[in-house]
Every structure is written in structure tokens, then in C-alpha cells.
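See below for the structure under consideration.
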Amino acid sequence: MDMQALGLTLRTARKQRNLTQADLSDKVGMSRATLSAIENGTINEVGIRKIMALCAVLGLELQAQPLTTRRPTLHTLVDEAQHRKTGRKP
């Protein structure tokens, strides 16, 4: 999972729990700006403890798995093209 996908997962879980970025960042002891950068996938480096703390508060489980080298599906390619066209991140 890349940082953008991780950020999207965290943002989705936060919103499902009706938490603001300020609420969540207070609960885990990080700045709202750092949380925003994680959610947007724009942070260069983030410690595993911060990610684990976010997952714990949001009821998520962090897993490691082997990389897949499969080629993207047509659905994935169409989604990526749509995101590029609209200027939104996947």
C-alpha cells in the first residue's frame, strides 16, 4: 500500500467515526498539519508508531504483505485516468 492509499484509508475511517482532523490529531498527540499530510499522501516520512497510533484509535489493523507484481486491471487504469482528468488523487 502506498502512502496515498494509506492516507485515504485513514481519512475514510476518521470520517466514518465523525472525527475531525483536530479531534484525531489530539487523540494521538500529533499536529493537525501532520495528520493532513498523512491523509493526503504528501508527507515524505512518517514513523511507524504514528501510523500504529492512528490505526489503534480508528480501529484499523496494520498488515504487511508481499508486493504484488500483477499488471493493473482495466478498471484500475480507468479509475486512474478519471482521477487525473478531474485533478483528484485516487
Side-chain angles (χ1 to χ4, degrees):
M1 177 181 286
D2 64 24
M3 287 304 291
Q4 287 184 340
L6 175 62
L8 179 59
T9 300
L10 293 170
R11 178 186 301 123
T12 301
R14 174 180 60 78
K15 288 183 176 186
Q16 287 175 343
R17 286 159 183 75
N18 296 316
L19 293 171
T20 65
Q21 285 183 338
D23 294 335
L24 181 55
S25 61
D26 285 345
K27 289 180 182 283
V28 297
M30 73 175 61
S31 72
R32 193 208 55 79
T34 299
L35 176 57
S36 177
I38 292 169
E39 286 187 357
N40 291 314
T42 59
I43 195 162
N44 290 331
E45 291 185 19
V46 62
I48 189 71
R49 289 187 181 152
K50 287 182 181 180
I51 298 300
M52 290 173 62
L54 289 167
C55 288
V57 170
L58 295 172
L60 299 174
E61 181 180 80
L62 188 62
Q63 295 182 356
Q65 63 187 37
L67 289 175
T68 58
T69 57
R70 295 187 321 231
R71 299 175 85 178
T73 64
L74 178 59
H75 180 73
T76 302
L77 294 173
V78 169
D79 282 349
E80 289 174 1
Q82 185 65 28
H83 289 297
R84 280 193 301 275
K85 190 184 302 183
T86 61
R88 293 188 352 235
K89 294 180 180 176

CG (Leu35) and CG (Leu24) are apart, to the nearest 0.5 Å, by 5.0 Å
Can you name the residues that form a side chain to side chain donor-acceptor pair (under 3.5 Å) with Glu45, not counting sequence neighbours?
none
Shortest non-hydrogen contact from Asn40 to Gln4?
O-CG, 4.3 Å
May I have the list of side-chain donor-acceptor pairs in residues 14-22 shorter than 3.5 Å, sequence neighbours left out?
| from | atom 1 | to | atom 2 | distance (Å) |
| --- | --- | --- | --- | --- |
| Arg14 | NE | Glu39 | OE2 | 2.6 |
| Arg14 | NH1 | Leu19 | O | 2.9 |
| Arg14 | NH2 | Glu39 | OE1 | 3.0 |
| Arg17 | NE | Leu58 | O | 2.8 |
| Arg17 | NH1 | Ala13 | O | 3.0 |
| Arg17 | NH1 | Leu58 | O | 3.4 |
| Arg17 | NH2 | Leu58 | O | 2.5 |
| Thr20 | OG1 | Ala22 | N | 3.4 |
| Thr20 | OG1 | Asp23 | N | 2.9 |
| Thr20 | OG1 | Asp23 | OD1 | 3.4 |
| Thr20 | OG1 | Asp23 | OD2 | 3.1 |
| Gln21 | OE1 | Arg32 | NH1 | 2.7 |
| Gln21 | NE2 | Glu39 | OE1 | 2.8 |

Going by distance alone, is a donor N or O of one side chain under 3.5 Å from an acceptor N or O of the other, for Gln82 and Glu80?
no
Measuring only between side-chain heavy atoms, which start at C-beta, is Arg11 closer than 4.5 Å to Ile38?
no
Flag the pair Lys50 / Val28 as yes when at least one side-chain heavy-atom distance between them is below 4.5 Å, and no otherwise.
no
Minimal non-hydrogen separation, Cys55 against Leu10, with atom names
SG-CD2, 4.4 Å
Do His83 and Asp79 get their side chains close enough for a donor-acceptor pair, meaning under 3.5 Å?
no
Can you list the residues that meet the side chain to side chain donor-acceptor pair (under 3.5 Å) rule with Thr12, with sequence neighbours excluded?
none
Nearest 0.5 Å, what's the CD1-CG distance between Ile51 and Leu60?
10.5 Å
